[in-house]
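Computation of the quantities below employed the complete heavy-atom set of this structure, encompassing side-chain atoms and omitting hydrogens, waters and symmetry-equivalent molecules. It should be emphasised that the depicted structure is a prediction, and the values quoted were computed from it without experimental measurement.
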Amino acid sequence: MHQFTVTLNSSSAFTHFYPFHAHSLHSIFPQNPKLIFPLSPANNNRPQYAFTCRGIQLSISNHCSTSLGPPQNGPFLRSFGVKNIDVATLGNLCVDIVLNVPELPPRSPEARKAYMEQLSASPPDKRYWEAGGNCNMAIAAARMGLCCATIGHVGNEIYGKFLLDVLRDEGIRMVGMSEDRNIIDSSNALYETLLCWVLVDPMQRHGFCSRADFSEEPAFSWMNKLSGEVKMAIKQSKVLFCNGYGFDELCPSLIVSALDYAVEVGTSIFFDPGPRGKSLSTGTPQEQEALQHLLKMSDVLLLTSDEAESLTGIGDPLLAGQELLKNGVRTKWVIIKMGSRGSILVSMSSISCAPAFKVNVIDTVGCGDSFVAAIAFGFIHNMQLVNTLAIANAVGAATAMGCGAGRNVATLKKVIELMRESNINEDDEFWNDLFVKNLGAREITFLSNKVINGSNNKLNRVALQKVVSELLPKLQPGLLEGKVVS
């Protein structure tokens, strides 16, 4: 176990340099730091304490002093220099209210708004509530053993308290975006937790609506700058995840500010435009500019094949991925999600393809969010590209076997079971047609359950069993340590 000592001038200095709700060390470390023991007094007879977080022991000596500034040898954070959060999500925090309805709401905005207001008149039973939005990605990532934080706004009402309870129970840090919480009027609807009504008709078709759908301004347009707390969370994160739905809550300029700050402090950016990508590309000048900035400056882009075609005008997913990669400034990976067919990862030097796992699909809500969490896991752990796709496909498929998102996303136990079964959907006609068109581009690695490792010209077939044997040792320790709700 590693040990190092941090010296603080005062408890107030501790608060100054670690502003996450600094009333406890639980606000600093995402994965439940534990007090080991009080150390023997230092030379100055002032108390010291030892804590652990993710295998690193931290000794803190609290020097009682009236000085509130940093130590004279430089800022505390620079001497610490540790990115102790694996993944932080930006915005898109909401509570899903999942209801069965006789029919989906009407199409006209006026009728839909009236329908939503009727539903909102009184809170539905709590059994219909679920954490939604970027909570899905954070929960899936935390269940894989990653340290996670969510950055956004949660109101001070029953829904906000519910959401905070869910995040706490899953071991996820919540970082509020408001600089001064005292100015927030909890009775004002503008500051309430965002609700998303998830309506399911007898045919199991989904309809979604929230108050963000009926406003020209983002739901939290009163946010106009990054707080010190938010900057600290971004700086301490290895990956910052943004998606298109974040624009429903946050102003484009604020999202761009977060992106630029992440670049400045060396935090990798993941961006999934989602269905909002199309509307953003034809939206306000600020939305269009922010979208293009995200597409160029993100390290990893994630899109469905339809979304990739919408943004590039190219129907072939491999060619669309290459176009997005070529147009990027920092882009390392472009990942194309193709549902039941699988996924593709395009990098500067290679292309990796992995068919999807065969499962009985119950509900696809949250599958894409879970998939992103596993991509972040592979990115952070520097895994082989085809292995990263395989585990992401497994996590997405395991989520589809459940009902809904939030706490219903995949558990690590279910993911491991699925990978051990090694039953994938090899649509030979689709993949062969794709390869024939693109084999001249660059080397393609293809995950297959039918062949032993081998290559044919630029097509390198990798056996699924080999990939699974490499992945399971990376996943099983997390299961044994109880990091995942089973």
dist Leu93:CG -> Leu167:CG (nearest 0.5 Å) comes out at 7.0 Å
Taking only residues two or more places apart in sequence or in another chain, which ones pass side-chain hydrogen bond (donor to acceptor under 3.5 Å, both in side chains) with Asn408? none
Criterion side chain to side chain contact (heavy atoms under 4.5 Å, CB included) on Ile416 and Leu418, from CA distance to verdict: CA-CA 5 Å; Ile416 289 175; Leu418 200 58; over 6 Å; no
Hey, is the main chain of Ala212 close enough, under 3.5 Å, to the side chain of Ser215 for a donor-acceptor pair? no
Asp213 side chain vs Ser210 backbone, donor-acceptor pair below 3.5 Å: yes
Once ring pair (Phe, Tyr, Trp, His ring centres under 6.0 Å) is applied, do any residues pair with Trp333, and if so which ones, sequence neighbours excluded? Phe379
Verdict with reasoning, Trp197 to Tyr115, per ring pair (Phe, Tyr, Trp, His ring centres under 6.0 Å): CA-CA 10 Å; Trp197 298 87; Tyr115 189 91; 9.1 Å; no
For the atom pair CD1 (Ile269) and CG (Asp299), what is the distance rounded to the nearest 0.5 Å? 5.5 Å
Can a donor-acceptor pair be found, under 3.5 Å and without considering hydrogens, that links the side chain of Thr312 to the backbone of Ala320? no
With sequence neighbours excluded, what pairs up with Lys113 under the salt bridge (Lys or Arg N to Asp or Glu O under 4.0 Å) test? none
Test side chain to side chain contact (heavy atoms under 4.5 Å, CB included), reference Leu389, set Ile375, Thr445, Ile344, Val467, output is Ile375
If we only count heavy atoms from C-beta on, is the Asn243 to Asn134 side-chain gap below 4.5 Å? yes
Residues two or more places apart in sequence or in another chain: which of them pass salt bridge (Lys or Arg N to Asp or Glu O under 4.0 Å) with Asp165? Arg168
Using side chain to side chain contact (heavy atoms under 4.5 Å, CB included), reason through Ile335 and Val300 one step at a time and then give a plain yes or no. CA-CA 8 Å; Ile335 296 168; Val300 177; 4.0 Å; yes
Distance (rounded to the nearest 0.5 Å) between Lys296 NZ and Ser298 OG: 11.5 Å
Go through the structure and list residues passing salt bridge (Lys or Arg N to Asp or Glu O under 4.0 Å) with Glu264, not counting sequence neighbours. none
I'd like to know if the side chain of His153 and the backbone of Phe220 have a donor-acceptor N/O pair within less than 3.5 Å. no
Using side-chain heavy atoms (C-beta onward) and a distance below 4.5 Å, is Thr284 in contact with Glu287? yes
Single hit among Thr150, Leu250, Leu259 for side chain to side chain contact (heavy atoms under 4.5 Å, CB included) with Leu90: Leu250
Phe371 vs Lys337, test: side chain to side chain contact (heavy atoms under 4.5 Å, CB included). Steps then yes/no. CA-CA 9 Å; Phe371 179 95; Lys337 301 173 287 183; 3.7 Å; yes
Atom CD of residue position Glu309 - does it have more than 12 heavy atoms of other residues, nucleotides or ligands inside 6.0 Å? yes
Pairs under 3.5 angstrom only: tabulate donor-acceptor contacts from the side chains of residues 396-404 to other protein residues two or more places apart or in another chain.
unit_1, atom_1, unit_2, atom_2, d
Thr399, OG1, Ser370, OG, 2.8
Thr399, OG1, Val395, O, 3.1
Thr399, OG1, Ala410, N, 3.0

Would you say Glu307's side chain and Thr304's backbone share a donor-acceptor pair under 3.5 angstrom? yes
So do Leu447 and Cys353 actually touch side chain to side chain, heavy atoms under 4.5 Å? no
Atom SG of Cys94 and atom CG of Leu194: how far apart are they, to the nearest 0.5 Å? 6.0 Å
Salt bridge (Lys or Arg N to Asp or Glu O under 4.0 Å) partners for Glu130, two or more places apart: Arg407
Flag the pair Glu229 / Met177 as yes when at least one side-chain heavy-atom distance between them is below 4.5 Å, and no otherwise. no
Tell me, with the steps shown, if Leu254 and Met223 meet side chain to side chain contact (heavy atoms under 4.5 Å, CB included). CA-CA 8 Å; Leu254 190 63; Met223 297 183 192; 3.7 Å; yes
Could you tabulate the donor-acceptor pairs under 3.5 Å formed by side-chain atoms of residues 118-126, not counting sequence neighbours?
unit_1, atom_1, unit_2, atom_2, d
Ser120, OG, Met116, O, 2.8
Asp125, OD1, Arg127, N, 2.9
Asp125, OD1, Arg127, NH1, 3.4
Asp125, OD2, Arg127, NH1, 3.2

Among residues at least two apart in sequence or on other chains, which ones pass side-chain hydrogen bond (donor to acceptor under 3.5 Å, both in side chains) with Ser340? none
Exam field: side chain Thr388 to backbone Gln384, donor-acceptor pair closer than 3.5 Å: yes
Sequence-distant partners of Asp248, side-chain hydrogen bond (donor to acceptor under 3.5 Å, both in side chains), two or more places apart: Arg276
Any donor-acceptor pair under 3.5 Å linking the side chain of Asn136 with the backbone of Gly406? yes
Residue from Asp272, Val87, Val409 passing side chain to side chain contact (heavy atoms under 4.5 Å, CB included) with Met137: Val87
Residue list, ring pair (Phe, Tyr, Trp, His ring centres under 6.0 Å) with Phe357, at least two apart or on another chain: none
Ile97 vs Val198 side-chain heavy atoms within contact, under 4.5 Å: no
Heavy-atom side-chain contact between Arg330 and Val263 under 4.5 Å: yes
Begin from the C-alpha positions of Gln286 and Ser253 and carry the test side-chain hydrogen bond (donor to acceptor under 3.5 Å, both in side chains) through to its verdict. CA-CA 7 Å; Gln286 294 80 11; Ser253 59; over 6 Å; no
Mind checking whether Phe241 and Phe271 have side chains closer than 4.5 Å, heavy atoms only? no
Thr267 and Lys238: side-chain hydrogen bond (donor to acceptor under 3.5 Å, both in side chains), yes or no, with the steps? CA-CA 5 Å; Thr267 296; Lys238 297 171 186 173; over 6 Å; no
Atom pair CG (Asp86) and CD1 (Ile380), whose distance is rounded to the nearest 0.5 Å: 4.5 Å
Does CZ in Phe214 sit with more than 12 non-hydrogen atoms of other residues, nucleotides or ligands closer than 6.0 Å? yes
Within-4.5 Å side-chain heavy-atom neighbours: Glu323 and Leu319: no
Could you tabulate the donor-acceptor pairs under 3.5 Å formed by side-chain atoms of residues 288-295, not counting sequence neighbours?
unit_1, atom_1, unit_2, atom_2, d
Gln288, NE2, Gly283, O, 2.7
His293, NE2, Asp260, OD1, 2.7

Can you tell me how the ring of Phe162 sits relative to the ring of Trp129, calling it parallel under 30°, perpendicular over 60° and tilted otherwise? perpendicular
Nearest-0.5 Å distance that lies between atom OG in Ser268 and atom NZ in Lys332: 5.5 Å
